[in-house]
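All remarks here apply to the structure that follows.
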Amino acid sequence: MISIKGLHKSFGKVDVLRGIDLLIEEKEVVVIIGPSGSGKSTLLRCMNYLEVPTAGAICVDGIMLNNESNINKVREEVGMVFQRFNLFPHMTVLENIALAPMKVRGASKKEAVQAATELLQKVGLEDKAAAYPEQLSGGQQQRVAIARALAMKPKVMLFDEPTSALDPEMVNEVLDVMKKLAREGMTMVVVTHEMGFAREVGNRLLFVDGGRIVEQGEPSEVFAHPKEERTKLFLSKIL
Amino acid sequence: MDYNFSLVVSAFPLLLMGAVVTIKITAISVTLGIVIGLFAGIARISSFWPVRALAAVYVDFIRGTPLLVQIFIMYFALPVLTGQRIDPFIAAITACSVNSGAYVAEIFRSGIQSIDSGQMEAGRSLGMTWVQTMRYIIVPQAFKRVIPPLGNEFIALLKDSSLVSVIGFEELTRRGQLIIARTYGSLEIWTSVAVIYLVMTLTISRFVAYLERRYKIDDKH
């Protein structure tokens with residue numbers, strides 16, 4: 001589904017990614033962990049070209065990310081959920097979800113509203129359709145953001161620390177939606193610190209440090225028997 | 001010192017007609033200025049450098065030269081080039097709109113740049129183009145934030161429109177000059193003209209304050 005070869009990314013003189021090779025299969029749930037500044041978010045953001053790689057090739061669903069029209073095409077197939085939600089504050093929840101299908105997919109207003117309503121049911125917020133983002137809690141906003149990304153019927157969903165900006169009591173409502181998605185067979189790439197989530201629904205865990213994939217494997221295996229020193233050190237601090 | 005009130009009273013209808021012309025020229029110029037300014041402001045932050053450079057040259061030239069000189073160029077200098085006389089009304093409107101557009105461009109540019117970059121990322125990640133994201137996400141949010149500076153620009157332009165009196169265009173200030181030429185009532189007429197400008201600018205600033213309040217209540221940010 002996603003294939004990455006020799007990916008490098010530098011910001012000015014700082015090399016954030018130093019050679020990433022990664023193959024993500026359909027229906028796989030890949031969880032990326034690593035210390036802050038390790039490049040894990042940058043890696044995720046390269047997958048839909050929010051960050052432009054310095055070198056390397058990225059191919060999503062058979063489309064090379066190499067020109068503007070391909071990039072837009074890939075973005076239609078790749079949903080993204082941000083740490084800070086990034087809902088559109090001047091639109092209602094329903095409008096937030098219905099906008100892109102109408103403007104990008106050319107859906108009629110009726111279709112888009114119908115689909116948005118169903119998605120709101122899916123994330124358990126059907127009663128918030130007419131609310132504005134600021135009237136919702138953080139957890140509710142993030143669930144709307146997930147529904148907004150799903151409205152484009154993506155083949156892959158990228159999650160950039162989706163629970164890091166949330167109050168602790170709201171983390172689970174968001175994780176539950178994500179778990180449901182994973183069970184439905186969505187291909188997911190998740191940057192997170194939620195180890196319980198990684199263990200429960202992750203097919204593969206990547207530990208990223210210093211711009212490289214240091215170690216990867218089946219999550220419970222990596223947690224139980226990390227091979228690399230750096231992984232051991234990191235896990236000992238967070239588990 | 002005698003203040004001849006009867007002169008004020010008799011000149012008032014003529015001055016009011018001039019005020020109507022002033023409002024007309026200001027309203028048209030502000031409207032055109034907002035359109036020009038919106039595009040120029042977006043061009044200023046375009047990722048395509050020739051567009052950005054062109055917009056920067058426009059803004060720098062207009063903001064770096066006096067409006068009075070721009071009016072002269074429009075009315076006296078351009079006809080030399082084209083060989084065609086230009087109607088004072090057209091010259092006045094063009095000079096004022098183009099001038100206003102440059103200031104409005106900077107207002108929009110800063111307004112757009114004040115919107116969190118996550119909004120553009122969210123729009124783009126949904127597959128919307130840069131233009132679509134600007135149109136549906138960024139500009140509508142920026143518009144609310146630029147209402148107060150746009151109001152100031154409106155007021156500034158209303159006052160600056162007095163400069164088009166130099167090309168014989170009969171707005172409020174020019175009307176005043178013409179009446180004084182006939183009646184010698186400098187004191188009465190200039191004070192009346194000033195009061196009429198004041199009433200107009202105060203009305204606008206009240207209206208802008210009202211809009212600001214309304215959009216604050218409306219602002220779901």
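Protein chains get the first letters and strands the later ones, always in sequence-line order, with residue 1 at the start of each. Values reported hereafter were calculated over all heavy atoms of this structure, with side chains retained and with hydrogens, waters and symmetry mates removed. Keep in mind the model is a prediction, meaning the values are calculated, not measured.
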Heavy-atom pairs under 4.5 Å with chain B, option from R148(A), R84(A), K73(A) with the top count: R148(A)
Tell me, yes or no, whether the heavy-atom count around [X] atom [atom1], taken from other residues, nucleotides or ligands under 6.0 Å, exceeds 12.
X       : atom1 : value
Q121(A) : CD    : yes
F39(B)  : CZ    : no
E184(A) : CD    : yes
F11(A)  : CZ    : yes

Output yes when a side-chain donor or acceptor of [X] lies under 3.5 Å from a complementary backbone atom of [Y], and no otherwise.
X       : Y      : result
Q70(B)  : N99(B) : no
S10(A)  : G12(A) : no
D160(A) : F82(A) : no

Please state whether the side chain, the backbone, both or neither of F88(A) comes within less than 4.5 Å of a heavy atom of chain B. both
Check whether L87(A) gets within reach of chain B through its side chain, its backbone, both or neither, counting any heavy atom under 4.5 Å. backbone
Chain B contact residues among residues 100-109 of chain A, heavy-atom distance under 4.5 Å: A100(A), K103(A), V104(A)
Contacts of residues 38-63 of chain A with chain B (heavy atom under 4.5 Å): R45(A), N48(A), L50(A)
OG1 on T22(B) to CD1 on I196(B), rounded to 0.5 Å: 9.0 Å
Distance in Å, Q141(A) CD paired with N86(A) CG, rounded so as to fall on 0.5 Å steps: 10.0 Å
Without hydrogens or angle criteria, can the side chains of S162(B) and Y197(B) be said to hold a donor-acceptor pair below 3.5 Å? no
If you measure only the distance, is there a donor-acceptor pair under 3.5 Å linking the side chains of R75(A) and S125(B)? no
Below 4.5 Å, heavy-atom pairs only: which of Q132(B), M128(B), M120(B), R124(B) has the largest tally toward chain A? R124(B)
